[in-house]
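Each residue takes its place number in the sequence, starting with 1. A quick note: this is a predicted structure, and the numbers were derived from the prediction, not measured. Whatever order the structure lists them in is the order used to number ligands and atoms, beginning at 1.
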Amino acid sequence: MKKKIFITTAIDYTNDVIHVGHAYEKILADCIARYERIKRGAENVHFTTGTDEHGTTNEKAAEKRGITPLEHVTEISAKDKEQIDALNISYDRFIRTTDEDHKKFALEFFTKSLENGDIYKGSYKGYYCEGCESHKTISELDENRQCPNHKTRQIQELDEENYFFRWSKYESFLKELITSGQLDIRPEGKKLEMLAFLDKGLKDITVSRPKYKVSWGFTTPNDPEQVIYVWFDALINYLTEGLTKGFWDEDTEIVHFVGKDIARWHTLLWPAMLKSAGYRTPDKVYVHGFINLDGQKISKSLGNVIRPTELVDKYGVDAVRYYLLKQGPVVEDSDISTKQLEEVYTGELANGLGNTVNRLAALAEKSGYSCGNNAEIAIEDQANIYSPIAEFRIDIVIKNIWQRLAALDKNINENTPWSITNKDELYKVLDYEITELKKLAILLHPVMPNMSEKIAGIFSSENIKKPEGLFPKIG
Ligand code: MSP
């Protein structure tokens, strides 16, 4: 095992504020980062998220609002950060592609590739989807010549001068990188998909746009009439932070969390770019699927966008995290609904965990029992519960913890501590039961950090009291 780990999420476009679908990725990565801090020590873990602020969609969104692109992205980035903070995402840096240090890295990176002979001038004639900020071949469009992921946006037909990156030069390098496992793409199906794409052959890719078409971006260092293409800028955010903070060396495991729509950029373009500029490549790319709401894609045009804060305000941050993490590693599309969230809230949280906490706290309060800070978790215990994390199976981790909770409830029902009149005897029973509950609370930290702390706090007090409204009734 490498000493350090660098965990990143995709950085979100700032054309609009993030929704609950984007939130899934951040919560998943946060859960892993929190677990890794327990395993490796906080100083050996670095975790980033942020916003991707250049390119056409941002420029057009600002134009529509009659403000400058910088004003627009600054406002949306701040709102995104509020959403991320409401979800208790423990990032070490919220990076913006308009940050000064990132600009320096992006320009230097472009220059390095240019000097290596990997960037050349050419012309591009073809399709472009502004939603994906991506050039498209006809085979990637649907029967109506629309991008399947952005059906409400008009596909652009471009005919323009650009700088190109010699992506094709890196075909065999990428093949070797992926088949050897040096770049570990999870899940396996996504790895095969990426290899199949590679087998079709790579075409060089444009890495700049003419200023008369898009002006919102970094001017290319070699040509004042072009701006760096948004992906050749955004991907570098990882390096900006990783290199600066000492998390882009051989002692660091580099893990990217991304959605299925942007897997190719991260598994095929990004490693080729890094190789070209002379940097090490990442170790792992975890590709997750999409969260749908009540069976429908989450989209503005369908009017079903839910912001994370709307859920957090109603159900509390821990319940939202718990519910989304329970979905497990979403591979393709997974359906969520507020109805199901309410069922989980009531059944597993309020009547499950909350009820156990209330019962034991009430017994301790009534009998004057206290136990201090006595919940040490044995290493094997941690390993048993957390081992599925190696495969990102947080859903199984949650199941493991809930199985122990069920066993604890059984123990309480069998020992009927409320009927024990002898104090020594009662305290012996409570010692076991409360210590077990405190252990479970600690183990819950990566999933529900606030609740974990709250429960540990309740039972570490000298005067244990039955808590009020741990999981309040939903109004
Ligand atoms: N800006 C690019 C990423 C650049 S990373 C160097 C981008 N932004 S995005 O805002 O469109 O998406 C950000 C992340 O959220 C992506 O990983 C994307 O797959 C994910 N999701 C967007 N909608 C989602 C769902 N409905 N469900 C799950 N993840 C979703 O792509």
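The neighbour count for Lys2 NZ, taken as heavy atoms of other residues, nucleotides or ligands under 6.0 Å away, is above 12. More than 12 heavy atoms of other shown residues, nucleotides or ligands fall within 6.0 angstrom of atom NZ in Lys121. For Gln182, the CD atom is loosely surrounded, since the number of other residues' heavy atoms within 6.0 Å does not exceed 12.
Nearest non-hydrogen protein atom to atom 17 (O) of ligand 1 is Glu25 OE1, 2.6 Å. In this structure, the protein non-hydrogen atom closest to atom 21 (N) of ligand 1 is His22 CD2, 3.9 Å. Closest protein heavy atom to atom 31 (O) of ligand 1: Ile262 CG2, 3.5 Å.
Geometrically, Lys4 engages Phe247 in a cation-pi contact, judged by NZ or CZ lying under 6.0 Å from the ring centre and within 45° of the ring axis. A cation-pi geometry, defined here as NZ or CZ lying under 6.0 Å from the six-membered ring centre and within 45° of its normal, does not hold between Lys136 and Tyr128. A cation-pi contact links Arg264 to Phe197, judged by a cut-off of 6.0 Å to the six-membered ring centre and 45° from its axis.
Between Ile11 and ligand 1, a contact under 3.5 Å exists for at least one N or O pair. Close N/O approach between Asp261 and ligand 1 is found [any backbone or side-chain N/O within under 3.5 Å]. Residue contacts with ligand 1: Ile291 is placed with a nitrogen or oxygen under 3.5 Å of a nitrogen or oxygen of the ligand (distance criterion only). Looking at ligand 1, you'll find an N or O of Gly259 within less than 3.5 Å of one of its N or O atoms.
Comparing heavy-atom distances from atom 11 (O) of ligand 1 across Trp231, Tyr24, Tyr13 singles out Tyr13 as nearest. Of the candidates Ala263, Ala10, Gly21, the one placing a heavy atom closest to atom 25 (C) of ligand 1 is Gly21. The option from Asn292, Asp52, Asp233 that lies nearest to atom 1 (N) of ligand 1, judged by heavy atoms, is Asp52.
Using a 4.0 Å cutoff on heavy atoms, His266 counts as a contact of ligand 1. Ligand 1 has Tyr238 within reach: a non-hydrogen atom of the residue lies less than 4.0 Å from it. Put simply, part of Gly289 is less than 4.0 Å from ligand 1, judged by heavy atoms.
Ring planes of His22 and His19: tilted class, angle from 30 to 60°.
Under 4.0 Å from ligand 1, the heavy atoms of His288 that appear belong solely to its side chain. At a 4.0 Å heavy-atom cut-off, ligand 1 touches Asp12 through backbone and side chain alike.
By the 4.5 Å heavy-atom criterion applied to side chains, Val207 and Phe164 are not counted as neighbours.
Looking at Ser134, its side chain never comes within 3.5 Å of a backbone N or O of Glu130 through a donor-acceptor pair.
With rounding to the nearest 0.5 Å, the separation of CZ in Phe6 from NZ in Lys245 is 9.0 Å.
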